[in-house]
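First up is the structure itself, then whatever we jot down about it.
What you see is a predicted model; the values in this text were computed from it and never measured. Just so it is clear: chains get the letters A, B, ... in the order the sequence lines come, proteins before strands, and each one is counted from 1.
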Amino acid sequence: MSKEPDFFEKVYEVVKLIPKGRVTSYGAIAKFLGAAKSSRLVGYAMNGSHSLKEAIPAHRVVNRNGLLTGKMHFPTATTMQELLEKEGVVIVDDQIQTFPKFYWDPTLELL
DNA sequence: TGGGTGACCATAG
DNA sequence: ACTATGGCCACCC
């Protein structure tokens with residue numbers, strides 16, 4: 001009898017709302033969902049995104065440091081970087097350059 | 001049913 | 001300045 005969408009579904013919803021060429025952090029999404037303390041859940045949610053039939057732009061989600069921590073979970077260690085670079089994001093050594101410039105905060109844009 | 005897990009974040013030493 | 005540890009809470013087995 002679940003009436004409300006699962007936490008994961010909310011995360012996917014926000015991730016899919018991320019504009020192209022922008023990136024956000026797990027903690028930002030968690031905070032937007034009102035669970036800043038559960039920032040880990042956001043990352044864990046992406047882990048289940050593989051089961052979804054819809055493509056989740058998980059490559060647009062990085063950690064607080066702007067580091068591609070989740071790249072290891074992609075098909076290849078360079079997939080995440082390739083996708084981001086293709087969108088115009090500059091990445092060096094798996095780290096996003098001028099991170100605040102590409103940073104997209106849902107609590108500021110959506111809210 | 002219960003416990004383990006995790007793509008994090010924040011604080012302390 | 002860097003390294004280490006704790007907390008946190010929804011989902012899976």
Handout entry: N/O donor-acceptor pair under 3.5 Å between T76(A) side chain and T79(A) backbone
Key = yes

Practice task
Using the closest heavy atom to pick a nucleotide of DNA chain C for each, name whichever of S38(A) or Y44(A) lands nearer the 5' end.
Solution key: S38(A)

Handout entry: Working for side chain to side chain contact (heavy atoms under 4.5 Å, CB included), residues I56(A) and K16(A)
Key = CA-CA 6 Å; I56(A) 305 296; K16(A) 286 191 280 189; 3.9 Å; yes

Practice task
May I ask you to decide if G66(A)'s main-chain N or O and N63(A)'s side chain share a donor-acceptor pair within less than 3.5 Å?
Solution key: yes

Practice task
Could you check Y26(A) against T69(A) for side chain to side chain contact (heavy atoms under 4.5 Å, CB included), going step by step and ending with a plain yes or no?
Solution key: CA-CA 11 Å; Y26(A) 303 95; T69(A) 53; 4.0 Å; yes

Handout entry: Exam field: side chain T24(A) to backbone W104(A), donor-acceptor pair closer than 3.5 Å
Key = yes

Problem - D105(A) side chain to T107(A) backbone, donor-acceptor under 3.5 Å - result: yes

Exercise for the section: For A58(A), report the nucleic acid contact type (base, sugar-phosphate, nothing); a contact means any heavy atom under 4.0 Å. Expected result: base

Exercise for the section: Quick one: label N63(A) by what it contacts on the DNA or RNA (base, sugar-phosphate, nothing), any heavy atom closer than 4.0 Å. Expected result: sugar-phosphate

Exercise for the section: Tell me what H50(A) touches on the nucleic acid: a base, only sugar-phosphate, or nothing, going by heavy atoms under 4.0 Å. Expected result: base

Handout entry: Same apolar cluster (I L V M F W Y, side chains within < 4.5 Å links), L67(A)/F99(A)
Key = no

Exercise for the section: Would you jot down, in residue-number order, the residues of residues 67-97 of chain A having a non-hydrogen atom under 4.0 Å from DNA chain B? Expected result: T69(A), G70(A), H73(A), F74(A)

Problem - Audit row: I96(A), V62(A), side chain to side chain contact (heavy atoms under 4.5 Å, CB included) steps and yes/no - result: CA-CA 9 Å; I96(A) 299 175; V62(A) 295; 3.8 Å; yes

Handout entry: Within residues 12-36 of chain A: residues closer than 4.0 Å to DNA chain B (heavy atoms)
Key = S25(A), Y26(A), G27(A)

Problem - M46(A) CE to dA7(B) C1', straight-line distance once rounded to whole Å - result: 8 Å

Exercise for the section: Please answer: with hydrophobic residues joined when any side-chain heavy atoms are less than 4.5 Å apart, are L52(A) and V14(A) in the same cluster? Expected result: yes

Fill in the blank from the handout: R64(A) CZ to dC9(B) C1', in whole Å, measures 9 Å

Problem - Side-chain donor-acceptor contact under 3.5 Å, S25(A) with Y103(A) - result: yes

Restricting to nitrogen or oxygen on both sides, can you table the protein-nucleotides 5-7 of chain C pairs closer than 3.5 Å?
{"residue": "dG7(C)", "atom": "O6", "partner": "R40(A)", "partner atom": "NH1", "Å": "3.4"}
{"residue": "dG7(C)", "atom": "O6", "partner": "R40(A)", "partner atom": "NH2", "Å": "3.3"}

Problem - Separation of atom NZ in K10(A) from atom P in dC9(C), rounded to whole Å - result: 14 Å

Problem - Salt bridge flag under 4.0 Å for residues E109(A) and R22(A) - result: no

Handout entry: Set of residues satisfying ring-ring contact (aromatic ring centres under 6.0 Å, His included) with respect to F102(A), sequence neighbours excluded
Key = none

Handout entry: Stepwise side chain to side chain contact (heavy atoms under 4.5 Å, CB included) test for V23(A) and V61(A)
Key = CA-CA 6 Å; V23(A) 291; V61(A) 186; over 6 Å; no

Completion exercise
N47(A) CG to dT5(B) C1', in whole Å, measures 10 Å

Exercise for the section: For E9(A) and dC11(C), give me the distance from atom CD to atom P, rounded to whole Å. Expected result: 10 Å

Exercise for the section: May I have all residue pairs that pass ring-ring contact (aromatic ring centres under 6.0 Å, His included) and include part of residues 46-70 of chain A, sequence neighbours excluded? Expected result: none

Restricting to nitrogen or oxygen on both sides, can you table the protein-nucleotides 1-4 of chain C pairs closer than 3.5 Å?
none

